[in-house]
Amino acid sequence: MNYSEKIKQLAGFIRQSRRVLALTGAGISTESGIPDFRSKGSGLWEKVDPMEVLSVQVLKRNPQRFYREGFVHFLKLENARPNPAHEVLGWLEQREFLAGVITQNIDGLHQKAGSQRVMEVHGHIRTGHCMRCQKKYPMGFIRGKLDTDINPPKCTCGGLLRPDVALFGDAMPNDFWRATAEAEQADLLLVVGSSLSVSPANSLTRLVERVAIINLEPTLYDYQADLVIHEKASRVLLDLKSQLEG
Ligand code: CNA
């Protein structure tokens with residue numbers, strides 16, 4: 001099947017489905033200038049292992065290292081802008097083709113692009129909290145502390161502050177369980193920009209009857225999918241939009 005036949009098939013899947021969900025990963029945001037974890041040559045994560053520096057173990061045992069080598073990269077996400085791939089997902093929801101977006105991303109770009117029903121299964125960078133008393137803090141507060149103090153940011157109670165991002169070794173946030181329940185009700189899952197190598201988020205693909213994968217490189221689940229398109233997310237989603245409008 002050539003590319004334009006695949007786009008027609010994807011549009012057909014969406015029209016035939018009762019309830020469509022998207023599952024997005026870091027690959028949808030690379031066109032917004034945010035490096036993913038696994039594409040080769042993106043540089044950022046080649047020297048440090050994100051599974052190590054973004055782990056609860058490092059946060060607890062060596063908070064200086066967590067904030068210096070891992071957390072600093074979260075701050076770079078704050079000014080990123082959504083790209084056409086995020087925007088088309090917002091449009092699909094507005095036109096009632098899409099029931100919601102499950103995202104592994106923490107960058108908040110789906111909301112910035114107009115998506116209303118977003119489940120952030122790895123948390124987000126809008127807020128943080130105290131590990132001792134659980135008090136909530138806006139991310140701007142944590143950023144401000146880091147600008148003026150070389151020590152890891154602390155709460156008024158003296159506890160260590162941490163971002164509301166699911167780190168390696170953390171329990172899954174409530175949004176993951178919400179996403180699981182939603183996936184059980186869906187009949188089409190549109191995977192966009194994910195290597196599907198992080199569990200348990202990748203297990204959501206097993207809950208949905210039909211799966212379409214849009215990803216630059218092959219994923220671990222390509223062999224099980226009903227449609228696979230190895231292309232850039234923005235190109236595919238813009239072509240899908242034209243097909244659905246036509
Ligand atoms: P990943 O494992 O880095 O995979 C990303 C995939 O996207 C790769 O297979 C690429 O081939 C593909 N890709 C890259 N660019 C494009 C593009 N333009 N169009 C289509 N596909 C593309 O990332 P996953 O999300 O699968 O892994 C899950 C981790 C990465 C989650 O915990 C995320 O929180 C984490 N992460 C998030 C961000 C973010 O919030 N933007 C950035 C980096 C990492």
Side-chain angles (χ1 to χ4, degrees), residues 3 6 10 22-46 48-56 69-89 101-113 115 118-126 139 163-173 175-176 179 189-205 211-222 225 227-240:
Y3 175 74
K6 285 186 177 185
L10 184 56
L23 170 63
T24 66
I28 196 171
S29 295
T30 55
E31 293 175 74
S32 292
I34 303 174
D36 61 19
F37 279 172
R38 289 174 187 84
S39 289
K40 286 186 186 68
S42 59
L44 189 57
W45 298 105
E46 279 173 5
V48 285
D49 178 1
M51 283 181 75
E52 192 188 332
V53 290
L54 296 177
S55 68
V56 204
E69 293 179 28
F71 182 83
V72 282
H73 300 301
F74 293 168
L75 297 179
K76 296 179 188 158
L77 309 180
E78 286 185 314
N79 296 322
R81 303 298 316 153
N83 67 59
H86 299 101
E87 280 156 13
V88 174
L89 291 183
V101 178
I102 302 169
T103 188
Q104 300 169 82
N105 296 344
I106 56 168
D107 55 33
L109 291 184
H110 288 298
Q111 291 92 330
K112 286 188 185 168
S115 289
V118 183
M119 289 156 271
E120 296 170 306
V121 299
H122 291 160
H124 57 79
I125 54 164
R126 291 183 294 279
M139 192 58 98
D164 287 331
V165 169
L167 301 173
F168 292 99
D170 264 331
M172 292 302 277
D175 267 22
F176 174 74
L189 186 70
L190 201 59
V191 177
V192 186
S194 175
S195 63
L196 295 175
S197 53
V198 174
S199 62
N202 58 5
S203 66
L204 295 170
T205 56
V211 175
I213 298 178
I214 301 162
N215 199 62
L216 263 186
E217 294 160 9
T219 78
L220 294 174
Y221 287 78
D222 283 5
L227 177 66
V228 176
I229 309 181
H230 292 149
E231 250 302 335
K232 282 195 173 177
S234 60
R235 177 181 180 205
V236 176
L237 290 176
L238 285 169
D239 289 340
L240 172 69

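Remember, predicted model here, so these are calculated numbers, not experimental data. Note that ligands are numbered from 1 as they come in the structure, with each ligand's atoms numbered from 1 the same way.
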Student: Can you tell which part of Thr30 has a heavy atom less than 4.0 Å from ligand 1: side chain, backbone, both or neither?
Tutor: side chain

Student: So Asp107 and Ser29, side chain to side chain donor-acceptor pair (under 3.5 Å) or not? Walk me through it.
Tutor: CA-CA 8 Å; Asp107 55 33; Ser29 295; 2.7 Å; yes

Student: Report yes if the side chains of Glu120 and Gln104 come closer than 4.5 Å at any heavy-atom pair, otherwise no.
Tutor: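 Glu120 does not reach Gln104 side chain to side chain.
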
Student: What are the atoms of ligand 1, with element, lying closer than 4.0 Å to any heavy atom of Glu217?
Tutor: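 Those of ligand 1 that fall under 4.0 Å from Glu217 are 9 (O), 11 (O).
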
Student: Where on Val198 is there a heavy atom closer than 4.0 Å to ligand 1, on the side chain, on the backbone, on both, or on neither?
Tutor: side chain

Student: Answer whether the closest heavy-atom distance between the side chains of Pro163 and Met139 falls below 4.5 Å.
Tutor: yes

Student: If we only count N/O pairs under 3.5 Å, is Gly25 in contact with ligand 1?
Tutor: no

Student: Could an N or O of ligand 1 be found under 3.5 Å from any N or O of Ile106, whether backbone or side chain?
Tutor: yes

Student: Side chains of Thr103 and Val118, heavy atoms from C-beta outward: is any pair under 4.5 Å?
Tutor: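 Of all side-chain heavy-atom pairs linking Val118 with Thr103, at least one is under 4.5 Å.
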
Student: Give the minimum heavy-atom separation between Ala233 and Ile214, together with the two atoms involved.
Tutor: CA-CG2, 4.2 Å

Student: Look only at interatomic distance and state if Ile214 has a nitrogen or oxygen under 3.5 Å from any nitrogen or oxygen of ligand 1.
Tutor: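 Such a contact does not occur with ligand 1.
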
Student: Could you tell me whether a side-chain N or O of His73 sits under 3.5 Å from a main-chain N or O of Gly70, the two making a donor and an acceptor?
Tutor: no

Student: Number the atoms of ligand 1 from 1 as they appear, then name those within less than 4.0 Å of a heavy atom of Asp107, with their elements.
Tutor: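 What qualifies from ligand 1 is 39 (C), 40 (O), 41 (N).
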
Student: Can you tell which part of Glu31 has a heavy atom less than 4.0 Å from ligand 1: side chain, backbone, both or neither?
Tutor: side chain

Student: Mind checking whether Pro35 has a heavy atom under 4.0 Å from ligand 1?
Tutor: yes

Student: Would you call the rings of Phe37 and Phe168 parallel, tilted or perpendicular, taking 30° and 60° as the class edges?
Tutor: tilted

Student: Which part of Gln104 is near ligand 1, with near meaning a heavy atom under 4.0 Å away: side chain, backbone, both or neither?
Tutor: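 Both of them.
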
Student: Hey, looking at atom 8 (C) of ligand 1, which of Thr219, Leu167, Asn215 has the closest heavy atom?
Tutor: Asn215

Student: Name the one of Leu10, Val192, Val88 that satisfies side-chain contact (heavy atoms from CB on, under 4.5 Å) with Val236?
Tutor: Leu10

Student: Under 3.5 Å, N or O to N or O, is Phe37 touching ligand 1 that way?
Tutor: yes

Student: Side chains of Leu109 and Ser32: does their closest heavy-atom pair fall under 4.5 Å?
Tutor: yes

Student: Would you say the side chains of Thr219 and Asp222 form a donor-acceptor pair under 3.5 Å?
Tutor: yes

Student: By number and element, which atoms of ligand 1 are closer than 4.0 Å to a non-hydrogen atom of Ala26?
Tutor: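 Listed by number with element, the hits are 23 (O), 24 (P), 25 (O), 36 (N), 37 (C), 38 (C), 42 (C), 43 (C), 44 (C).
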
Student: Any side-chain heavy atom of His124 within less than 4.5 Å of one from Asp164?
Tutor: yes

Student: Indicate, as side chain, backbone, both or neither, the part of Ala233 found under 4.0 angstrom from ligand 1 when only non-hydrogen atoms are considered.
Tutor: both

Student: Looking only at heavy atoms, is any part of Ile34 under 4.0 Å from ligand 1, and if so is it the side chain, the backbone, or both, or is it neither?
Tutor: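 Only the side chain of Ile34 comes within reach of ligand 1.
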
Student: Output the list of atoms in ligand 1 that are nearer than 4.0 Å to some heavy atom of Ser29, sorted by atom number.
Tutor: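 By the 4.0 Å cutoff, the relevant atoms are 41 (N).
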
Student: Which of the numbered atoms in ligand 1 are below 4.0 angstrom from a heavy atom of Glu231?
Tutor: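 In order of numbering, the contacting atoms are 19 (N), 20 (C).
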
